[in-house]
K.L.:
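Below is one structure. I have some questions about it.
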Amino acid sequence: MKRVAIVGAGPAGIAAADLLVGRAGISVTLIDEGQQPGGQIFRQPHPGLATDMKRLLGAGHARLERFRALCSNVLPQLDYRPRTLVWNVFGGELMTLGERGVDSLSYDALLIATGATDRVLPVEGWTMPGVYTLGGAQILLKEQGCLIGRQVVFCGASPLLYLAALQYHRAGGAVAAVLDTTPIAAKVKAIPRLLALPGVLKDGLSYMAALRLAGVPIVGGVTLDAFVGEGRAAEVRYRAGGQAHAVACDAVAYGFGLRPEMQLAELADCALRYDSFRRQWYPDHDGDGRCGHGVYVAGDVAQMGGAEAAGHSGRLAALSILADFGLEAPASPEPDRAALARQLTFQDGLGHAFAWPAAHVAGLADEVMLCRCEGVSVGEVRRGLRSDGGPQEANRAKAATRCGMGRCQGRFCGSALAELVAAETGADGVARPLDRLRAQPPIKPLPISAVAGEPLA
Amino acid sequence: MDEGAQFHRVFPLTGADCDVWVDGRRLKARRGQSLLSLLLEHGGRVRTHERTGEPRAGFCLMGACQDCWVWLSPTQRGRACTTPVEPGMRCFTRSPEAEVLP
Ligand SMILES: Cc1cc2nc3c(=O)[nH]c(=O)nc-3n(C[C@H](O)[C@H](O)[C@H](O)COP(=O)(O)OP(=O)(O)OC[C@H]3O[C@@H](n4cnc5c(N)ncnc54)[C@H](O)[C@@H]3O)c2cc1C
Ligand code: FES
């Protein structure tokens, strides 16, 4: 009997499980931190919430229903462990923390389908109450039935920008403005790639049109200057067309795309690959999810692709696992490969239409907070980097300044720290890749009661 | 709902009512809702940052940034955004003791 451990019950993990369950010679364990399956996109409302998901999701609702049907078929056929965090991988074993406490699990094949989280950059005032990530704003609505505020500014560069704003509008929230940091010209240039999936492009444009129709101001090509308020967000200051502007609000949702949750892949010794277009690192795999020595990746952690792509890459990883075990494949990988390729072309288009504003960091004032956990400012890190014999690499800068050493483990300052080090050391992030903060176990903080007496690697 | 609440409920909760104590103050909650949604439907902050003294009220809302940590007992901290409320739950937004793990 071969044991396949899958971490992540999002569209990638569930699609992989669907191909693996019920096969002779294989047992599947699916571990997820969340209360319920679904991952980020199919974040389910908690059972006591009377959400009108149909109104909220519009056309996306049919997809959610299909996913739920798949889950109710697949989950009873495997060992499903919700509310369980995988906090380390070491010597072919997963270290977990769940309702029954600390545990470990050995595997013959490990599929890491841990998804992604919001990629953010510091903006003056970003630690203030009322400022949230774009994905967080969406999750609060879908899972808890709440809005982050009554008058929300949505800003940054992400395909979720218009979708989240529209969902807030549909749920009865006022959208004060959508401030998009990518210029319209860049979006026009992205159209040929976006035409890889004309239907999805049309949906995206329809979100913008619906917001315009609702009278929501939409401004492109902005530079975000500051989130301002007395102890909570009350105004967003930005520049557009060479002029300074301000818009009043009581909450801000912002983000610049997604970053892979790849700590487990790093700890499992997967090789990493640098994507010089997105200026970030991913686990390296052969296109079908293979990372080597029994480790596989699928979904957003493997490549930026979105929910449909996550499903295809989950199926491909499952087929790879079966092939590597020498078991018969239930399907050919070709249709999933072709579909994934179309999705990835489209995602490249999105990457141009919602561009990572690499230059934003160099323009940040010294007073702006860089590491929100440890309370380290941009200036403190800059001074460290500029000092005689000072660190010239992100992990050294972390050791010297504590930036990235806090409880989020660099998830929210890591991209900015890497850009700041590059700006200060003259690296362009293309010919010479940006630095990357190394993952360390436990990948999320554990309550002390959980690790008392347990060796921490 | 309190003046100055940060979060605004648009979909009703149908779960059973329960009482939760936050810093000794009793709040009416619905079983299963996140502790963070409860805190911010009743106020505008979760805690004060240990080093800078600034107010904080969560950030990622998905268990990744650790900005919303509260004390669930003198020895246990938890993320308010991923902790469902339970009847009789007590939480503290200020640390009674020293730091825990990273
Ligand atoms: C906040 C957010 C909102 C999004 N909204 C949309 C949208 O509206 N439309 C759209 O097309 N795309 C959206 N995306 C992108 C889309 O969610 C993804 O493309 C898709 O969900 C990826 O699926 P996945 O299976 O790779 O990962 P995910 O759906 O992210 O699932 C990963 C799962 O792994 C679990 N996990 C991670 N680490 C651990 C660990 N260490 N231990 C245990 N469990 C772990 C998580 O709890 C999660 O359930 C969103 C992404 C984010 C982050
Ligand atoms: S708000 Fe980020 S962990 Fe709770």
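Per chain, numbering begins at 1; letters A, B, ... match sequence-line order.
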K.L.:
Sort Q6(B) into side chain, backbone, both or neither according to what part of it lies under 4.5 angstrom from a heavy atom of chain A.
P.N.:
both

K.L.:
Surrounding CZ of R438(A) (heavy atoms of other residues, nucleotides or ligands, distance under 6.0 Å), is the total greater than 12?
P.N.:
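No, CZ of R438(A) has 12 or fewer neighbouring heavy atoms, counting only those of other groups under 6.0 Å.
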
K.L.:
Side chain to side chain contact (heavy atoms under 4.5 Å, CB included), that's the test. Do Q66(B) and K444(A) meet it? Break it down for me.
P.N.:
CA-CA 9 Å; Q66(B) 320 296 328; K444(A) 284 191 183 178; 4.1 Å; yes

K.L.:
Heavy atoms only, distances under 4.5 angstrom: which of P55(B), A16(B), G78(B) has the most pairs with chain A? Name it, please.
P.N.:
P55(B)

K.L.:
Would you mind checking which part of A233(A) comes under 4.5 Å of any heavy atom in chain B, side chain (CB onward), backbone (N, CA, C, O), both or neither?
P.N.:
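Contact with chain B involves no heavy atom of A233(A) at all.
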
K.L.:
Check whether E33(A) gets within reach of chain B through its side chain, its backbone, both or neither, counting any heavy atom under 4.5 Å.
P.N.:
side chain

K.L.:
Report which part of L36(B) has an atom under 4.5 Å of a heavy atom belonging to chain A: side chain, backbone, both, or neither.
P.N.:
neither

K.L.:
Heavy-atom pairs under 4.5 Å with chain B - which of L134(A), D118(A), V131(A) has more of them than the others?
P.N.:
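Between L134(A), D118(A), V131(A), the count favours V131(A).
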
K.L.:
Of the listed residues (R30(B), H49(B), R31(B), R56(B)), which shares the most heavy-atom pairs with chain A below a 4.5 Å separation?
P.N.:
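Answer, by heavy-atom pair count under 4.5 Å with chain A: R56(B).
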
K.L.:
Taking atom SG of C146(A) and atom CG of L38(B), what is their separation to the nearest 0.5 Å?
P.N.:
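Between atom SG of C146(A) and atom CG of L38(B) there are 10.0 Å.
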
K.L.:
Under 3.5 Å, side chain of Q144(A) to main-chain N/O of S34(B), donor-acceptor pair present?
P.N.:
yes

K.L.:
Looking at every non-hydrogen atom in both residues, tell me the closest pair between C60(B) and F412(A) and how far apart they are.
P.N.:
CB-CZ, 3.6 Å

K.L.:
When heavy-atom pairs shorter than 4.5 Å are enumerated against chain B, which of L141(A), T117(A), I139(A), L140(A) gives the highest number?
P.N.:
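Of the candidates given, the most pairs with chain B belong to L140(A).
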
K.L.:
Check residues 81-91 of chain B and write down every donor-acceptor pair under 3.5 Å in which the side-chain atom is one partner and the other belongs to a residue at least two apart or another chain.
P.N.:
residue	atom	partner	partner atom	Å
T82(B)	OG1	R79(B)	NE	3.1
T83(B)	OG1	R79(B)	O	2.5

K.L.:
With a 4.5 angstrom heavy-atom cut-off, could you sort out which part of Y168(A) is near chain B: side chain, backbone, both or neither?
P.N.:
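Neither part, no heavy atoms under 4.5 Å.
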
K.L.:
Is atom CZ of R81(A) surrounded by more than 12 heavy atoms (other residues, nucleotides or ligands) closer than 6.0 Å?
P.N.:
yes

K.L.:
Heavy atoms, side chains only, cut-off 4.5 Å: are P445(A) and W69(B) in contact?
P.N.:
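A side-chain contact under 4.5 Å exists here.
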
K.L.:
At a 4.5 Å cut-off on heavy atoms, which part of Q440(A) comes close to chain B: side chain, backbone, both, or neither?
P.N.:
neither

K.L.:
Measuring only between side-chain heavy atoms, which start at C-beta, is L61(B) closer than 4.5 Å to E143(A)?
P.N.:
no

K.L.:
Top residue by heavy-atom pair count (under 4.5 Å) with chain B, among I148(A), D250(A), V120(A)?
P.N.:
I148(A)

K.L.:
Using a 3.5 Å cut-off and no angle test, enumerate the donor-acceptor pairs between side-chain atoms of residues 367-376 of chain A and protein atoms at least two apart in sequence or in another chain.
P.N.:
residue	atom	partner	partner atom	Å
R372(A)	NE	D67(B)	OD1	3.3
R372(A)	NH1	W126(A)	O	3.0
R372(A)	NH2	D67(B)	OD1	3.2
R372(A)	NH2	D67(B)	OD2	3.4
E374(A)	OE1	R402(A)	NE	2.7
E374(A)	OE1	R402(A)	NH2	3.0

K.L.:
Are any of the side-chain nitrogens in E50(B) or R407(A) under 4.0 Å away from the carboxylate oxygens of its partner?
P.N.:
yes

K.L.:
Just wondering, do R45(B) and R232(A) contact through their side chains at under 4.5 Å, heavy atoms?
P.N.:
no

